[in-house]
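Only one structure is covered here, and it is reproduced in the block below.
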Amino acid sequence: MALSNPTDSPASGTRDAHGAFGADGHPKRWSILSVLVVSLLVVVLDNTILNIALPTIQRELGASQSQLVWAVDAYVLVFAALLFTWGVLGDRIGRKKVLIIGLSLFALASAIAAFSTSPSMLIGMRALMGVGGAAVLPTTLAIITVVFPPHERGKAIGVWAAAVGAAVALGPVLGGILLQHPLWFEWLVGNVWGSVFLINVPIVIVGVIAIAKVVPETRNPYPRALDIPGLLLSITGLGLLIFGIIHASETRDWLAPSVLIPAFTGVALIALFLWIESRSDHASFDVALFKNRGYAVSLAAVSLAFFALSGITFVLPFYLQILRGFDTLSAGLAFVPFAVGQIIAAPRSAAMVEKFGYKVVMSVGLGAVAIALGALSVIQIDTPIWLVLVVFFIFGFGMGNVIAPASTVMQNVLPLARAGAGSAVQNTVRQVGGALGVAVIGTILATRYASNVEPFLSNLPAEIPEQAKEIASESIIGTVSVLGQAAESGIPASTVAQLQSGAFEAFLNASHITAMISTVVIVIAFFVVVFGLPKIDPPQKMKIEAPTPVPDPAKSETNAVIEAEFSNYEVEVTEELGSGAKPAAVIEAEFSNYEVEVTEELGSGAKPADPGR
């Protein structure tokens, strides 16, 4: 049953057969989708544009490797923790309002981040950006679920997922252009990298205006209560877990108490949070959704894929800019094939699902991602760049065939009234996967690099202070900086070149290990889908048949016989009795039994004709 009011949704646990706007969805649903894509772009764009700027930020602000990881994960952690809270708020006060509030807060924090004067200030502003950005992802997906009918959601979510892929390439390219021309904004922000955050402001302004004009307001008429204790418990648990992992890059010892204690405490708090949510009558994180095998398997596949994607995209800018010597724009352009692959695959995945099913499409996608990551685990500094770009394309093509179908499965099994909070659950887990990917891969990269480069740093001349050697061991940026200072102090160029070559090999070996780990994660996701995903039929367009016409009793077969015979009855009686006076009495007497006789002969279901003519 279609709902008469677009702000209404079915009660929790039920689903409208078509969607909140009827069998064909909202009449302007594709225009709405284009506006939502702009909103999504700015949030996803921010992370990808930051990745390409990480080497520059590290040089300019003097950030350590762990501070760089925190600059990425501070955003993702807050983002993930607040997703289901914003989802519930959208269900309560309206998703359009929440979307505008979130984008406005995101723009404000972006503007302040552009003027950061220390790594700590940047990390703080990134966390504030996460507060605003968290409102965008669940509300856009929830609005798509409401304005599109089930049979079109796969295609719509495919476009939504393709926008994520486009941002993966657009962010590094745009960031490369801005960093390549620092004078454009350096006069305003006082640094050469602040423009990568300032660019968010005009995009948000355009998005908010379009949302106000095009996007309808939708909400859940039976929203759940806010879960403040759950929010505090979840963000504390996630924060401690990520802190423990990242801290290992500073201690370079995964078994140090300062690593294990916060990590295990975080895991315990997260477990407690899930236990409480499973028993709460107003849980915003609906643990019961994981009882649905299709939902749980799809979410596991997407989260593991995001773990690998987030970790690898953290590493690749250093490989391109430092080891291969690409400028920021060239390094950004190298990500374009990834986006092209995802843009090609994601929108077409719905048609592939119609032919082959969700399991086949997602398995093929994960297989392609595993092949690409396996190739990245063996690339060298002198590998032809065209081959690296082909690998990036395969990576993106595989991700497009995983994210869109899996997201479609998860949205179509959720009650329509829980669209906001429900989409927040999948986005929360997915973002946690991404945050863990950056933390784990970034920390493994740092610890392994420090171990690999130590023999080369021990060959530095005695005049290089120990503090400089410590800085050099933290990251490849630090090593290159110290070697540059060594060259300026008079150390022979051949010695510096030899040490730098050794440092590059040390970093390359560390990056290969991270790629191998990511490959294993994707292989696990592959087997989870192959053996765990049940057969799920994609939704089909509902055909509304015209009601079967009810026959008019006045036009029944019995009445037709009665009228045909009665039309000649008077003439026949007159001829039989004579042509005198009209035998009305005779006619009426005999006709009084005629109706009964004909009805008995043809059946008792018909209504006889009215003899009064």
Side-chain angles (χ1 to χ4, degrees), residues 2-10 12 16 18-22 24-44 79 82-110 129-149 152-153 156-157 159-160 163 200-226 284 407 411 414-428:
L3 299 173
S4 59
N5 191 322
T7 63
D8 291 338
S9 301
S12 180
D16 181 16
H18 308 299
F21 291 93
D24 293 324
H26 193 284
K28 295 183 178 179
R29 58 193 178 279
W30 293 106
S31 298
I32 294 170
L33 178 62
S34 64
V35 172
L36 296 178
V37 164
V38 172
S39 304
L40 179 67
L41 269 176
V42 69
V43 174
V44 181
F79 189 98
L82 291 176
L83 276 171
F84 45 80
T85 300
W86 279 119
V88 173
L89 282 174
D91 287 346
R92 291 179 67 86
I93 68 174
R95 297 168 184 131
K96 179 178 179 178
K97 291 187 184 72
V98 164
L99 190 56
I100 292 176
I101 292 171
L103 284 173
S104 301
L105 182 59
F106 181 86
L108 176 63
S110 296
M129 290 170 66
V131 175
V136 177
L137 220 59
T139 49
T140 55
L141 200 52
I143 292 170
I144 289 173
T145 303
V146 172
V147 301
F148 280 90
E152 286 186 347
R153 283 184 200 137
I157 292 175
V159 175
W160 180 86
N200 294 331
V201 177
I203 300 176
V204 167
I205 292 174
V206 172
V208 167
I209 293 173
I211 290 167
K213 290 186 176 182
V214 177
V215 176
E217 183 62 280
T218 62
R219 62 174 62 88
N220 182 355
Y222 309 107
R224 299 191 180 191
L226 287 175
S284 53
S407 298
Q411 284 304 105
L414 296 178
L416 188 63
R418 301 266 353 262
S423 63
V425 170
Q426 62 156 303
N427 281 299
T428 297

Exactly one candidate in Val35, Ile100, Leu33 meets side chain to side chain contact (heavy atoms under 4.5 Å, CB included) with Val215; the answer is Val35

Residues at least two apart in sequence or cross-chain that pass salt bridge (charged side-chain N to carboxylate O under 4.0 Å, His left out) with Lys97, listed by chain then number, are Glu217

Contacts satisfying side-chain hydrogen bond (donor to acceptor under 3.5 Å, both in side chains) that involve residues 200-216 (not counting sequence neighbours) are Asp46-Asn200, Ser110-Asn200

Across all chains, not counting sequence neighbours, the side chain to side chain donor-acceptor pair (under 3.5 Å) partners of Ser39 are none

With no hydrogens and no angle check, is any side-chain donor or acceptor of Lys96 less than 3.5 Å from a backbone partner on Ala212? yes

Taken to the nearest 0.5 Å, the spacing of Ile32 CD1 from Ile143 CD1 works out to 8.0 Å

Self-check item: Side-chain heavy atoms of Pro216 within contact of Lys28, under 4.5 Å
Solution: no

Between Thr140 and Leu36, the two heavy atoms sitting closest are O-CD1, 3.7 Å

Interatomic distance, CD1@Ile144 vs OG1@Thr139, rounded to 0.5 Å, equals 10.0 Å

Val146 and Arg95 have their tightest heavy-atom pair at CG2-NH1, 3.5 Å

The reported gap from CE in Met129 to CG in Leu105 (rounded to nearest 0.5 angstrom) is 10.0 Å

Scanning both residues in full, the closest heavy-atom pair of Ala135 with Gly102 reads CB-CA, 3.7 Å

By side chain to side chain contact (heavy atoms under 4.5 Å, CB included), Ala134 pairs with (sequence neighbours left out) Phe79, Leu82, Leu83, Trp86

Report, one line per pair, each donor and acceptor closer than 3.5 Å where one atom sits in a side chain of residues 204-211; sequence neighbours left out.
none

Report yes if some heavy atom in the side chain of Phe106 is under 4.5 Å from a heavy atom in the side chain of Val136; otherwise report no. no

